[in-house]
There are 2 protein chains.
Amino acid sequence: MSKAVRKRRQPEEARLEIMQVAQRRLREIGIGGLNVADVAKDCGMSHATVIHHFGSTGGMRRALVDHMTDALLRDVIRRIEESPVPDPPAILQSLFATLSEGGHVKLIAWLSLSGDEFAADVHGSAQIESLFSQLVPVVAQRLPAGHEDRLLAARRIVFLTATAAMGYGLGGETWAQVMGLSADEAAAFPAWLGEQINRMWLPEGNS
Amino acid sequence: MSKAVRKRRQPEEARLEIMQVAQRRLREIGIGGLNVADVAKDCGMSHATVIHHFGSTGGMRRALVDHMTDALLRDVIRRIEESPVPDPPAILQSLFATLSEGGHVKLIAWLSLSGDEFAADVHGSAQIESLFSQLVPVVAQRLPAGHEDRLLAARRIVFLTATAAMGYGLGGETWAQVMGLSADEAAAFPAWLGEQINRMWLPEGNS
DNA sequence: AGCGCTATCTACATTTATGTCAATAAAAAA
DNA sequence: TTTTTTATTGACATAAATGTAGATAGCGCT
């Protein structure tokens, strides 16, 4: 056995690479892919190095939750901010697209299946709360006077968008297949949902 | 150490008890709760017994996927069948409630995070496909002529109900909190969604 | 060039999880 | 009762994952 050539990184670099590899493995392999040995191998380093940087396997996983939470947050914020300012339909479509994207849904699913393992880790909620507290009024402004409580209605619309996006990202293909939607039709679902939400901007009544 | 008093069960009984305990552990502890040693301890038996009945840890987990898939299927079918026959809103509310319920969402999340581990295990899809192929027309019949393709619209409505339910069950509380919905308001979300879907039965147009 | 720091490595130790086996006991059958 | 069957068990064996420690080598600094 010849001695391995060492690739020495800056600590931040190494941590980042490990996080990226781990995230990819969570997406492609699942939770079973998150052991130090295999993550390290994928990074081309020894598992001792991973432990050096994160202290333990649990440390690595907690760091990954943080990393992915930050990424989710950043994506939501970025996609919302770069959309034309007062255009709720576009904003909601962005939100849907962002949340249903593979990696983010895996994070949510992982958290929901991890018991209390990462209980204290939903930090950043302050940031995202302030984001939504800005977003909700924008949506509310477009609602007609017919709604008795426009703020509540806006919250519900955003909430619907978020839940549908997560469900869509989680088991969308499977359920689409089961209930007879073609792949194309399933892919068109977000746009259709957008239209339906648009209809909520119309006055209520006329049964 | 006194010898343990053995409780001898019928094999079916033992398997069922193990499945129930494992299912509860998946709900309450997460994937980490699905090792033979701890499941066995919760059942009050030795881990060798669990292996005797399922062959291996993987065997136990595969059996659990089957067990929970069957339960999901049974619940969906039962709740739909016991609702007043041609009442789409009630049926969709039932579907939502069933799918968003804790245990079932955990199954879906687990499958989505398990890579190919249970690839060949979505059996029963024949049953559930036939179920939805009956359900969709019932929904479609209530749609107004305004819809160019009522069957497609019905599929989308059912699909929306299913995806929203899963997202709601998966991360509902968290997102509700983040976007400023009170617990009560979040709990009222399914009913609100039902109303919105009802509005889809109204004629389109009048922008 | 020489020095210090530390990221990285290999090799080992430890812990945890899984799987095996022969003995045993509970229940059914004879 | 005796026999047969097999669910159950404890003790052991093995495998897999995690963690530890000392040595080393890459890189910045002087």
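Each chain gets a letter, A, B and so on, in the order the sequences are listed, and its residues count up from 1.
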Undergrad: Given A/Glu185 and A/Trp192, is the side chain to side chain contact (heavy atoms under 4.5 Å, CB included) satisfied, shown in steps?
TA: CA-CA 9 Å; A/Glu185 286 163 350; A/Trp192 174 83; over 6 Å; no
Undergrad: Is there a donor-acceptor contact under 3.5 Å from the side chain of B/Glu101 to the main chain of B/Gly103?
TA: yes
Undergrad: By the 4.0 Å heavy-atom rule, please label B/His53 as base, sugar-phosphate, or nothing.
TA: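 Result for B/His53 = sugar-phosphate.
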Undergrad: I want to verify a distance call: between C/dT10, C/dG19, D/dG26, whose nearest atom is closest to the A/Ala48 side chain?
TA: C/dT10
Undergrad: On a heavy-atom basis, which atom in A/Arg156 and which in B/Ala188 lie closest, and how many Å separate them?
TA: NH2-CB, 4.0 Å
Undergrad: Can you tell which of C/dT20, C/dA23, D/dG19 lies closest to the side chain of B/His47?
TA: C/dT20
Undergrad: Using a heavy-atom distance cut-off of less than 4.0 Å, which residues of residues 32-42 of chain B contact DNA chain C?
TA: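 Those residues are B/Asn35, B/Val36.
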Undergrad: Please report, rounded to the nearest Å, how far the P atom of D/dT18 is from the CZ atom of A/Arg62.
TA: 13 Å
Undergrad: Check every strand shown and say whether A/Gly44 touches a base, only sugar-phosphate, or nothing at a heavy-atom separation below 4.0 Å.
TA: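 Since only primed, P, OP1 and OP2 atoms lie under 4.0 Å of A/Gly44, the category is sugar-phosphate.
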Undergrad: Go through B/Tyr168 and B/Val105 one step at a time and tell me if the side chain to side chain contact (heavy atoms under 4.5 Å, CB included) criterion holds.
TA: CA-CA 9 Å; B/Tyr168 182 77; B/Val105 170; over 6 Å; no
Undergrad: Considering all heavy atoms of both residues, which atom of A/Ala162 and which atom of B/Met179 are nearest to each other, and what is their separation?
TA: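 Closest approach of A/Ala162 to B/Met179: CB-CE, 4.3 Å.
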Undergrad: Is the count of non-hydrogen atoms from other residues, nucleotides or ligands lying under 6.0 Å from A/Gln177 atom CD greater than 12?
TA: no
Undergrad: Closest approach to the side chain of B/Ala14, judged atom by atom: which nucleotide of D/dT8, C/dT8, C/dT18 is it?
TA: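 The answer is D/dT8, which lies nearest to the side chain.
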Undergrad: Got a sec? Which of residues 15-26 of chain B come in under 4.0 Å of DNA chain C, heavy atoms?
TA: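 Heavy-atom contacts with DNA chain C come from no residue of residues 15-26 of chain B; none.
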Undergrad: For residues A/Arg25 and A/Val21, determine if any side-chain heavy atom of one lies less than 4.5 Å from a side-chain heavy atom of the other.
TA: yes
Undergrad: Please examine the side chains of B/Phe189 and A/Leu160, heavy atoms only from C-beta on, and report whether any two atoms are closer than 4.5 Å.
TA: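 Sidechains of B/Phe189 and A/Leu160: in contact.
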Undergrad: Check every atom of C/dT8, D/dT20, D/dT8 against the side chain of B/His52 and return the nucleotide holding the closest atom.
TA: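 Of all the options, the side chain of B/His52 is nearest to D/dT8.
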Undergrad: By nearest atom, which of the nucleotides D/dT9, D/dT18, C/dG19 is closest to the B/Met45 side chain?
TA: D/dT9
Undergrad: So what does B/Ser46 touch, heavy atoms closer than 4.0 Å: a base, only the sugar-phosphate, or nothing?
TA: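 Base contact - B/Ser46 has a heavy atom under 4.0 Å of at least one base atom.
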Undergrad: Pick the nucleotide of DNA chain C nearest each of B/Ile51 and B/Lys7; which residue has the one closer to the 5' end?
TA: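 Closest to the 5' end, via its nearest nucleotide, is B/Ile51.
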Undergrad: Could you tell me whether the side chain of B/Arg9 has a donor or acceptor atom within less than 3.5 Å of a complementary atom in the base of D/dT8?
TA: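 Donor-acceptor pair under 3.5 Å: no.
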Undergrad: Nearest whole angstrom, please: distance from the C1' of D/dT6 to the CD of B/Glu13.
TA: 15 Å
Undergrad: For the pair made of CZ in B/Phe54 and P in D/dT8, what is the distance, rounded to whole Å?
TA: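 So the CZ-P distance, B/Phe54 to D/dT8, works out to 11 Å.
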Undergrad: Closest approach to the side chain of A/Arg8, judged atom by atom: which nucleotide of C/dC9, D/dT18, C/dC5 is it?
TA: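 Output: C/dC5.
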Undergrad: Any heavy-atom pair between the side chains of B/Arg24 and B/Asp42 that's under 4.5 Å?
TA: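 Heavy-atom side-chain distance check passes, below 4.5 Å.
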Undergrad: Is there side-chain contact between B/Thr163 and A/Trp175, with heavy atoms separated by less than 4.5 Å?
TA: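 When only atoms from C-beta onward are counted, A/Trp175 and B/Thr163 do not touch, as no gap falls below 4.5 Å.
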Undergrad: What contact category does B/Thr49 fall into here, base, sugar-phosphate, or nothing, at under 4.0 angstrom with non-hydrogen atoms?
TA: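 Contact class for B/Thr49: base.
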Undergrad: Give me the bend of the helix from C/dA1-D/dT30 to C/dA30-D/dT1, using the axes of the five pairs at each end, rounded to 10°.
TA: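 Angle reported: 20°, given to the nearest ten degrees.
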Undergrad: In whole angstrom, what separates A/Met60's CE from D/dT18's P?
TA: 8 Å
Undergrad: Carefully, step by step, assess A/Arg62 and A/Asp66 under the rule side chain to side chain contact (heavy atoms under 4.5 Å, CB included).
TA: CA-CA 6 Å; A/Arg62 277 188 294 275; A/Asp66 278 7; 6.0 Å; no
Undergrad: Could you tell me whether the phosphate oxygens of D/dA17, OP1 or OP2, come under 4.0 Å of any side-chain nitrogen or oxygen in A/Thr57?
TA: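 No, no such contact exists.
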Undergrad: Of B/Ile108, B/Leu107, B/Leu64, which meets side-chain contact (heavy atoms from CB on, under 4.5 Å) against B/Thr69?
TA: B/Leu107
